[in-house]
Chemist: 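The structure follows.
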Amino acid sequence: MTTVHRLATAPAAPTPGEHIWYASYGSNMDTDRLRYYLTGGRPPGAARSYPGCRDRRPPVRSSPVEFPGTLYFATESPVWQGGRAFYDPATVGVVWGRAHLVTAQQFSDIAAQEMYEVPGKDLDLAAVLTEGRAALGPGRYETLMLLGHLEGIPVLTFTAPWRLSEVTWNKPSAPYLLHLAHGLCGDGTWEPAAVARYLSRCPGAAEAWTLDELTTLIEGLEGPGE
């Protein structure tokens, strides 16, 4: 079984090195999905095309991670026709994710595409690395978070500025949940049954999907030893 790295926030240098771990807790846990953010194009079944990064190389590697907080689903995605995944770091819980080792420039371009902006501008990461959090704007995925370090390299993600109690939760669609499940099960880190239980506890999914429905949806994805 692949080792899951448990992250804990610690101070970082204000200037990052060449690489950053980009921690995804949503559809970009699926490396096939992430590829469109890197190389550009329209994923199968998607309503949106992505311009891609300036540097189109794949991640150096990817690693499963866990970090404190709660995954929840809110707002309405025009791509997925349902709730999007967000991360609330100020709640008790554990979030499962996948960290991709990319360049700081690639992280900037991925973040820009999540913000519906044109990639091409390097983010100033000094604030998030020294303070643990940096708000780039008031919208979704415009708040950068430092989750910790892996191999001495900062692990960053982005989420919304609001708390999960400050927004109406929304049911995530089946295709969206399948991308999340594929990202979590893809290398055998977590079994499909465990992923179904995990998602069944996340606000937004918990009120709209039963554990049996999620188990049926996810079964068949590869687990350990398969």
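These numbers were taken from a predicted model, which means no experiment stands behind them. The figures that follow rest on heavy atoms only: side chains count, while hydrogens, waters and symmetry mates do not.
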Chemist: Heavy-atom distance under 4.5 Å between the side chains of T189 and L184, does that happen here?
Modeler: no
Chemist: Can you tell me how far the SG atom of C202 sits from the CZ atom of R197, to the nearest 0.5 Å?
Modeler: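 The distance works out to 13.0 Å.
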Chemist: Do the ring centers of F67 and Y87 come within less than 6.0 Å of each other?
Modeler: yes
Chemist: Quick test of your reading of the model: are D30 and R35 salt-bridged, counting only N-O distances below 4.0 Å?
Modeler: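 Result for this pair is no, no salt bridge flagged.
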Chemist: For a quick test of reading the model, state the closest non-hydrogen atom pair linking G137 to T143 and the distance between them.
Modeler: O-OG1, 4.5 Å
Chemist: Does the pair H182 and I218 meet the rule for a side chain to side chain contact (heavy atoms under 4.5 Å, CB included), with working shown?
Modeler: CA-CA 8 Å; H182 190 269; I218 295 169; over 6 Å; no
Chemist: Examine distances only and state if a side-chain atom of S108 and a backbone atom of D122 form a donor-acceptor pair shorter than 3.5 Å.
Modeler: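 It does not hold such a pair.
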Chemist: Where do W162 and R140 land on the side chain to side chain contact (heavy atoms under 4.5 Å, CB included) test, with the steps shown first?
Modeler: CA-CA 9 Å; W162 55 74; R140 54 172 189 76; 4.2 Å; yes
Chemist: Is a side-chain donor-acceptor pair under 3.5 Å present for D212 with T210?
Modeler: no
Chemist: If you define the side chain from C-beta out and look only at heavy atoms, does anything of W80 sit under 4.5 Å from P175?
Modeler: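 A side-chain contact under 4.5 Å exists here.
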Chemist: Can you tell me if E191 uses its side chain to pair, donor with acceptor, with the backbone of C185 under 3.5 Å?
Modeler: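 No: the side chain of E191 does not pair with the backbone of C185.
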Chemist: Could you check R163 against T91 for side chain to side chain contact (heavy atoms under 4.5 Å, CB included), going step by step and ending with a plain yes or no?
Modeler: CA-CA 9 Å; R163 298 284 306 277; T91 54; 3.6 Å; yes
Chemist: Partners of Y37 by ring pair (Phe, Tyr, Trp, His ring centres under 6.0 Å), sequence neighbours excluded?
Modeler: Y50
Chemist: Using side-chain heavy atoms (C-beta onward) and a distance below 4.5 Å, is V102 in contact with Y22?
Modeler: yes
Chemist: Test your reading of the model: is there a side-chain donor-acceptor pair from E66 to the backbone of V95, 3.5 Å cut-off?
Modeler: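 No: the side chain of E66 does not pair with the backbone of V95.
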Chemist: Regarding R61 and E151, does a basic nitrogen lie under 4.0 Å from an acidic carboxylate oxygen?
Modeler: yes
Chemist: In the structure I gave you, are the side-chain heavy atoms of R56 and L38 within less than 4.5 Å of one another anywhere?
Modeler: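 A side-chain contact is absent here, since even the closest heavy-atom pair is not under 4.5 Å.
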Chemist: So V128 and R133, do their side chains get closer than 4.5 Å, heavy atoms only?
Modeler: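 Answer no - side chains too far apart.
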Chemist: Which value, rounded to the nearest 0.5 Å, describes the distance between T39 atom OG1 and D55 atom CG?
Modeler: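 Reported to 0.5 Å precision, the distance equals 11.5 Å.
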Chemist: Side chains of F86 and L164: closer than 4.5 Å at any heavy-atom pair?
Modeler: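 They are not in side-chain contact.
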Chemist: Mind checking the CG-NZ spacing from L177 to K171? Nearest 0.5 Å is all I need.
Modeler: 9.0 Å
Chemist: Between Y72 and L211, is there shared hydrophobic-cluster membership here, with clusters defined by ILVMFWY side-chain heavy atoms closer than 4.5 Å?
Modeler: no
Chemist: Heavy atoms only: give me the nearest R54-G120 pair and the separation to one decimal.
Modeler: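 For R54 and G120, the tightest heavy-atom pair comes out as NH1-O, 3.1 Å.
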Chemist: Calculate, to the nearest 0.5 Å, the distance between atoms CZ and CG belonging to R33 and L178 respectively.
Modeler: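 Here the interatomic distance stands at 12.5 Å.
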Chemist: Could you check whether any side-chain heavy atom of D187 comes within less than 4.5 Å of a side-chain heavy atom of P64, counting everything from C-beta outward?
Modeler: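 Side chain of D187 against side chain of P64, heavy atoms only: contact under 4.5 Å found.
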Chemist: How far apart are the closest heavy atoms of I20 and I153, and which atoms are they?
Modeler: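 Looking at all heavy atoms of both residues, the shortest contact is CA-CG2, 4.0 Å.
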Chemist: If you take all heavy atoms of A99 and V65, which pair is closest and at what distance?
Modeler: CB-CG1, 3.9 Å
Chemist: Can you tell me if T75 and R84 form a side-chain donor-acceptor pair at under 3.5 Å?
Modeler: yes
Chemist: Examine W96 together with Y198 and report whether their ring centres are nearer than 6.0 Å.
Modeler: yes
Chemist: Under the criterion salt bridge (Lys or Arg N to Asp or Glu O under 4.0 Å), I'd like the reasoning laid out for K121 against D109: C-alpha separation, chi angles, the key distance, then a yes or no.
Modeler: CA-CA 7 Å; K121 179 181 178 181; D109 288 350; over 6 Å; no
Chemist: Between S27 and L180 (side chain of the first, backbone of the second, donor and acceptor by atom type, cut-off under 3.5 Å), is there such a pair?
Modeler: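 Judged by distance alone, no pair lies under 3.5 Å.
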Chemist: Rounded to the nearest 0.5 Å, how far does CG of L136 lie from CD of E117?
Modeler: 8.5 Å
Chemist: With side chains defined as the heavy atoms from C-beta onward, is the minimum distance between C53 and Q113 less than 4.5 Å?
Modeler: yes
Chemist: Centre of Y116's six-membered ring, under 6.0 Å away, within 45 degrees of the axis: is that where NZ or CZ of R48 sits?
Modeler: yes
Chemist: Taking the six-membered ring for Trp and the full ring for Phe, Tyr or His, determine whether the centres of F107 and W21 are under 6.0 Å apart.
Modeler: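 F107 vs W21: aromatic centres not under 6.0 Å.
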Chemist: Search all heavy atoms of P172 against all heavy atoms of G204 and return the closest pair with its distance.
Modeler: CD-O, 3.6 Å
Chemist: If the test is side-chain contact (heavy atoms from CB on, under 4.5 Å), which one of L146, L101, L147 qualifies with V155?
Modeler: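 Output: one option passes, namely L147.
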Chemist: How many angstroms lie between atom CE of M29 and atom CG of L34, to the nearest 0.5 angstrom?
Modeler: 11.5 Å
Chemist: Treating E142 as the side-chain partner and A160 as the backbone partner, does any N or O pair qualify as donor plus acceptor under 3.5 Å?
Modeler: no
Chemist: When you measure from the side chain of S62 to the backbone N and O of H100, does any donor-acceptor pair fall under 3.5 Å?
Modeler: no
Chemist: For residues A205 and L199, report the shortest heavy-atom separation together with the two atoms involved.
Modeler: CB-O, 3.4 Å
Chemist: For a side chain to side chain contact (heavy atoms under 4.5 Å, CB included) check, start with the C-alpha distance between L144 and L156, then their side-chain angles and the critical distance, and finish with the verdict.
Modeler: CA-CA 7 Å; L144 303 182; L156 300 181; 5.7 Å; no
